[in-house]
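Sequence lines set the chain letters: A, B, ... in the order given, protein chains first and strands last, and positions in each chain run from 1. Everything numeric here is computed off the predicted structure, so don't read it as measured data.
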Amino acid sequence: MQEKEYKPKQIEKKWQDRWNQEKVFLSKRDKNRQKYYILEMFPYPSGRIHMGHVRNYSIGDVVARYKRMQGFNVFHPMGWDAFGLPAENAAIKHNIPPKKWTDDNIAYMKKQFKMLGYSYDWEREIATHTPEYYKWNQYVFIKMYEKGLAYKRKAPVNWCPTCNTVLANEQVENGLCWRCETQVTQRELEQWFFKITDYAEDLLSGHDILKEGWPERVIVMQKNWIGRSTGLVVNFKVADTGEDFPIFTTRPDTIYGVTFMVIAPEHPFLERVKDSKVKEFIKRIKEQSLVDRLSEEKEKEGIDTGIKIINPFNGDIVPLYVGNFVLMEYGTGAIMAVPAHDTRDFAFAKKYGIPIKLVIDNPSSPIDVASMKDAYVEDGICVNSGPFTGMTNKKAIEAISDYAEKEGIGYKKVNYRLKDWLISRQRYWGCPIPIVYCETCGAQPVPYDNLPVVLPTDVDFHGDSRSPLTMMPEFYETKCPHCGGKAKRETDTMDTFVDSSWYFAKFTSPRSKEIFDFDEVNYWTPVDQYIGGIEHACMHLLYARFFTMVLNDLGILKYREPFTRLLTQGMVIKDGAKMSKSKGNIVDPDDIIDKYGADTVRLFMLFAAPPEKDLDWSDKGVEGCYRFVNRVWRIVQKYSDCYTEYNFDTVVLDPVLKNLRGEIHRTVKAVTHDIENRMQFNTAIARMMELVNALYQINEEIIRTDAGKMVVSELFDKLLPMLGPFVPHLAEELWEVLGHKNFILDEPWPDFKEELTAKDEIEVVFQINGKIRSKRNVPADITKEEMEKVALEDDRIKEMIAGKTVRKVIVVPGKLVNIVI
RNA sequence: GCCCAAGUGGUGGAACAGGUAGACACAAGGGACUUAAAAUCCCUUGGACUUUCAAGUCCGUGCCGGUUCAAGUCCGGCCUUGGGCACCA
């Protein structure tokens with residue numbers, strides 16, 4: 001028979017067109033079927049897709065297609081995170097309107113997605129830069145404003161001078177802008193915030209639900225980021241005036257050891273300071289950038305203000321220092337310092353000659369203060385601690401806290417590292433914040449009926465990055481919705497992470513008249529499996545959880561966690577580094593698809609590494625996958641004329657065929673397990689390769705017997721559907737070659753017969769003292785006793801145990817016999 | 001500094017519940033086919049040693065110890081790499 005050559009371009013186009021014509025990927029609600037919502041993080045339309053996208057979406061597509069074959073009603077949408085800076089930068093540089101740039105990119109990338117054969121329901125497509133989408137951003141914003149969850153306040157904020165905008169805390173990495181790596185500076189600005197701190201506790205407790213389906217490290221990262229700590233606020237007193245001087249501590253057990261206090265340079269309390277040296281110091285520290293203050297890590301600086309503070313527990317009068325290491329934003333902006341039991345306070349006290357007072361002693365070797373080299377931070381017994389002396393310090397934490405509350409000198413408090421989410425951006429290409437400022441009524445939300453506040457698209461950038469909105473009276477000049485008087489629109493736009501915080505739910509009803517079509521959203525969401533990069537652990541994944549909780553509290557969504565299961569895939573790297581333009585190690589998906597076809601690229605992405613690990617790009621590895629695809633192609637073509645009906649009930653297979661049939665069922669079992677329980681696609685593919693290799697090993701004459709034809713037919717019936725999720729076009733084409741008229745993607749996932757997965761004969765090993773000394777094939781159903789007998793009768797074993805005492809014989813059924821002598 | 005991962009052949013990676021380390025693939029080498037090459041198909045391939053050529057012995061999963069009949073896998077300590085947090089009181 002004349003074999004056809006494998007031409008991926010032809011067959012891939014052919015099947016993409018057919019899927020499209022038959023609308024096979026459109027999703028419909030069906031109360032009688034279990035839904036499965038699989039979602040990959042939607043991309044920013046940067047221009048063209050990169051290998052990281054290919055990996056992310058190939059993993060998602062395998063899951064989508066696999067679940068579909070398992071009988072689930074699969075929901076698999078795709079869209080565009082379309083607002084953001086690159087569009088503006090392109091506009092400034094090349095004089096292309098951001099909307100056009102974005103739309104063109106979307107069109108191109110969509111074409112690329114289609115070339116890769118992903119099973120998306122494109123009728124659910126959304127793009128966040130469309131008014132029909134961002135209208136609902138504005139809607140939620142106003143809902144949050146009404147609940148006090150969106151508010152404006154003047155605060156020191158992170159400013160990126162390159163991006164010309166403020167940044168949220170989560171978007172500053174080591175003092176650098178997450179996007180352009182410029183040093184972030186501090187500015188005092190009036191900005192819009194979302195009160196995510198109100199949800200700190202919910203975000204933490206939700207982790208208990210998520211630990212089933214989320215990688216532990218993501219949960220740990222979020223926990224660290226939220227940074228919950230429990231402690232006590234203690235009201236110290238200012239000696240001169242008697243005012244309260246509150247501090248926060250997690251170590252109330254050390255309160256009798258306080259020998260000085262430290263306050264943040266930004267603290268308003270310091271306005272009273274007259275001393276010029278102190279004022280100068282404060283000024284100098286305030287002028288340091290965040291980066292500078294962080295970079296001189298170990299160097300703690302301070303100056304005595306001359307102000308005295310009274311410890312309410314023991315009446316000690318201690319000096320108040322200004323210190324560069326105390327943060328205004330955390331706790332109360334001031335701390336009590338216990339040099340004996342805090343390494344940082346110890347270093348500071350040594351530097352400035354402040355006394356050290358021991359209040360917790362080491363029970364096993366008493367501490368001599370004079371010879372202390374560092375703070376004692378271990379547990380111990382309280383000393384010099386008034387009524388608490390003699391207690392273990394652990395007990396004292398509770399006792400002292402209770403005492404403080406009882407005496408009215410303090411209260412227990414939980415503090416978080418998490419800060420409110422700053423969402424204002426001084427940029428153009430984003431969702432307008434739906435607020436107007438009236439000269440008489442102040443800030444007013446835009447009424448719901450007037451939404452959306454449409455972002456004008458015909459804009460002039462005047463060659464720089466300042467938002468054109470600030471120069472467009474036709475945009476910002478408006479009337480107050482309350483009094484009808486003259487008013488000015490907010491010209492800041494929202495952080496694009498707002499757009500992506502709820503998009504997963506909008507996919508269910510992209511063009512609904514309300515925020516959602518509730519039949520749709522209630523049927524499909526939450527997302528059953530979410531897939532994306534780990535870099536979003538403390539940004540997108542935290543914001544989306546927050547939004548879901550808010551929408552739940554607003555009665556809009558019925559659940560509090562948006563993503564039941566999460567898979568964080570690794571990066572695609574080449575020559576040891578992440579693919580990037582600056583490193584010049586980019587491999588363009590278009591080129592690879594052109595050379596080998598989409599099926600090969602997809603296969604390689606799944607085969608080269610398990611999904612969570614980084615994947616090392618290798619041109620040779622891709623060729624290996626191409627070779628496998630061709631091997632499948634050839635062998636199916638070769639034996640397509642053997643494809644027949646089969647019934648094994650009355651057939652006795654010779655050992656070669658029987659073993660091959662066993663191999664078929666073992667492969668189905670293993671592949672199913674690897675996908676279902678482990679999401680380990682690389683080993684699933686390896687198993688299918690083994691099955692194909694096994695078929696190649698068998699003599700053509702044997703296959704062309706009646707029994708052989710039946711086995712090879714069963715093999716194709718199992719193998720091709722399993723290949724479907726990985727190499728969908730190839731699978732469809734070969735399915736058709738075998739005479740099928742239906743889509744292979746609609747075939748049920750292959751099943752296997754457990755009894756056929758067992759081998760007749762298995763190899764067991766005989767060990768002496770744990771070392772392998774002999775091997776033997778034995779019947780698979782051998783008993784423990786028989787195994788032991790066979791082992792002891794083995795010639796080599798006999799030889800080696802001759803004259804020795806057998807102390808113990810361990811038999812592991814089906815595996816080994818270990819003889820201890 | 002604290003927290004979390006991960007260290008396995010020349011390479012990417014297997015080994016799922018403590019039970020034959022190195023599946024599958026790449027690279028390398030050999031053979032078949034071919035006038036030849038490519039492609040394809042088949043074989044070999046962790047290291048060292050012994051060798052009567054059938055095999056056998058020893059070593060080997062970052063390092064040092066431990067538990068166990070048996071450890072890549074469990075425990076303790078360390079080293080290295082990657083990631084997160086970091087004057088958080």
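Taking side-chain N and O atoms only, A:Arg796 has no distance below 4.0 Å to OP1 or OP2 of B:rA54. For A:Arg773, a side-chain nitrogen or oxygen approaches OP1 or OP2 of B:rC58 to under 4.0 Å. Residue A:Gln222 places no side-chain N or O under 4.0 Å from the OP1 or OP2 atom of B:rC3. Side-chain N/O atoms of A:Lys808 include one lying less than 4.0 angstrom from OP1 or OP2 on B:rC69. Not one side-chain nitrogen or oxygen of A:Arg344 sits closer than 4.0 Å to the OP1 or OP2 atom of B:rC2. Note on A:Asn324: every side-chain N or O is 4.0 Å or more away from OP1 and OP2 of B:rC87. For the OP1/OP2 pair of B:rA89 and a distance below 4.0 Å, the side-chain nitrogens and oxygens of A:Ser229 include at least one atom meeting the criterion.
Taking atom P on both nucleotides, B:rU61 is separated from B:rG56 by 22 Å, rounded to a whole Å. When the C1' atom is used for both B:rG60 and B:rC75, the distance is 23 Å, rounded to whole Å. One C1' atom belongs to B:rA28, the other to B:rU45, and the distance between them is 8 Å to the nearest Å. For the P atoms, the distance from B:rG62 to B:rC58 is 22 Å, rounded to whole Å. Comparing B:rG13 with B:rA21, their C1' atoms sit 13 Å apart, to the nearest whole Å. Across B:rA23 and B:rA15, the matching P atoms stand 12 Å from one another, rounded to whole Å. A gap of 26 Å separates the C1' atoms of B:rA48 and B:rG65, to the nearest Å. The C1' atoms of B:rU11 and B:rC49 are separated by 27 Å, rounded to the nearest whole Å.
Looking at A:Tyr66, its side chain never comes within 3.5 Å of a backbone N or O of A:Ile675 through a donor-acceptor pair. Judged purely by atom type and a 3.5 angstrom limit, A:His341 uses its side chain to pair as donor or acceptor with the backbone of A:Ile360. Remark: the backbone N or O of A:Ile702 is not paired with any side-chain donor or acceptor of A:Asn699 at under 3.5 angstrom. Of the possible polar contacts, none joining the A:Lys669 side chain to the A:Thr757 backbone as a donor-acceptor pair under 3.5 Å is found. A donor-acceptor pair under 3.5 Å links the side-chain atoms of A:Asn311 to the main chain of A:Ile255, judged by distance alone. Of the possible polar contacts, one joining the A:Asp614 side chain to the A:Met571 backbone as a donor-acceptor pair under 3.5 Å is found.
Nearest nucleotide to the A:Val220 side chain, out of B:rC24, B:rG13, B:rC3: B:rC3. Proximity note for A:Tyr330 (side chain, C-beta onward) versus B:rC88, B:rA23, B:rG19: the nearest is B:rC88. Taking only side-chain atoms of A:Met689, from C-beta outward, the nucleotide of B:rG13, B:rA25, B:rC69 with the closest atom is B:rA25. Distance from the side chain of A:Val765 is smallest to B:rU20 among B:rA14, B:rC88, B:rU20. For A:Lys613, the listed nucleotide lying nearest its side chain is B:rG13; candidates were B:rC85, B:rG13, B:rA89. With B:rC3, B:rC87, B:rA25 as the candidates, the nucleotide lying closest to the side chain of A:Phe607 is B:rA25. Nearest to the side chain of A:His673, among B:rA14, B:rC16, B:rC87, sits B:rC16. The side chain of A:Glu216 approaches B:rA5 more closely than any other nucleotide in the set B:rG13, B:rA5, B:rA89.
Distance CG (A:Asp795) to P (B:rG56): 13 Å, rounded to an integer number of Å. Here the P atom of nucleotide B:rG83 and the CZ atom of A:Arg217 are 11 Å apart, to the nearest Å. The distance between atom CZ of A:Arg807 and atom C1' of B:rC69, rounded to the nearest whole Å, is 12 Å. Between the C1' atom of B:rA17 and the CG atom of A:Asn677 lies a distance of 13 Å, rounded to the nearest Å. In this structure, CG of A:Asn169 is placed 13 Å from C1' of B:rC85, rounded to the nearest angstrom. B:rA25 atom P lies 13 Å from atom CE of A:Met688, rounded to whole Å. Nucleotide B:rU11 holds its C1' atom 16 Å from the CG atom of A:Asp614, rounded to whole Å.
If you check every strand for non-hydrogen atoms under 4.0 Å, A:Asn682 touches sugar and phosphate atoms only. Contact annotation for A:Ile810: base contact, defined as any heavy-atom pair under 4.0 Å involving a base atom. Across all strands shown, A:Glu329 has no heavy atoms under 4.0 Å from either base or sugar-phosphate atoms. Counting non-hydrogen atoms under 4.0 angstrom, A:Gly331 reaches nothing in the nucleic acid. Looking at heavy-atom distances under 4.0 Å, A:Thr249 makes contact with sugar-phosphate atoms alone, never a base. Across all strands, A:Lys223 comes closer than 4.0 Å to no nucleic acid atom at all (heavy-atom distances).
Ion pairing of A:Glu212 with A:Arg565 is absent here, as no side-chain N (NZ or NE/NH1/NH2) approaches a carboxylate O to less than 4.0 Å. Between A:Arg666 and A:Glu663, at least one side-chain N (NZ, or NE/NH1/NH2) sits under 4.0 Å from a carboxylate O, which counts as a salt bridge.
Between A:Trp178 and A:Phe497, the ring centre distance stays below 6.0 Å.
Across every strand in view, B:rC2 sits in a pair with B:rG84 that passes the Watson-Crick or G-U test at under 3.5 angstrom. For B:rU57, the paired base is B:rA48 (Watson-Crick or G-U wobble, both distances below 3.5 Å). B:rG22: no Watson-Crick or G-U partner with both key distances under 3.5 Å is found in any strand. The nucleotide B:rC78 finds its pairing partner in B:rG62, both defining distances of the Watson-Crick or G-U wobble pair being shorter than 3.5 Å. In a base pair of the Watson-Crick type (N1 to N3 plus N6-O4 or O6-N4) or a G-U wobble (N1-O2 and O6-N3), with each distance short of 3.5 Å, B:rA89 is matched with no nucleotide. Remark: B:rA32 base-pairs with B:rU40. Criterion, Watson-Crick or G-U wobble with two distances under 3.5 Å.
Annotated as anti: B:rA14, whose O4'-C1'-N torsion sits more than 90° from 0. B:rG9 takes the syn form, because its glycosidic angle lies no more than 90° either side of 0.
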Assess whether salt bridge (Lys or Arg N to Asp or Glu O under 4.0 Å) is satisfied between A:Lys394 and A:Asp379, documenting all intermediate values. CA-CA 7 Å; A:Lys394 283 205 161 151; A:Asp379 288 332; 3.4 Å; yes
Can you tabulate the close N/O pairs, meaning under 3.5 Å, that link protein atoms to atoms of nucleotides 38-45 of chain B?
{"from": "B:rU40", "atom 1": "O3'", "to": "A:Arg634", "atom 2": "NH2", "distance (Å)": "3.1"}
{"from": "B:rC41", "atom 1": "OP1", "to": "A:Arg631", "atom 2": "NH1", "distance (Å)": "2.8"}
{"from": "B:rC41", "atom 1": "OP1", "to": "A:Arg634", "atom 2": "NH2", "distance (Å)": "3.3"}
{"from": "B:rC42", "atom 1": "OP1", "to": "A:Gln697", "atom 2": "NE2", "distance (Å)": "3.4"}

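In this structure, A:Met221 CE and A:Cys538 SG are separated by 5.0 Å, a value rounded to the nearest 0.5 Å.
The base of B:rC85 is not paired with the side chain of A:Asn224 by any donor and acceptor separated by under 3.5 Å.
Relative to the ring axis of A:Phe726, A:Arg602 does not place its NZ or CZ within 45° and under 6.0 Å from the centre.
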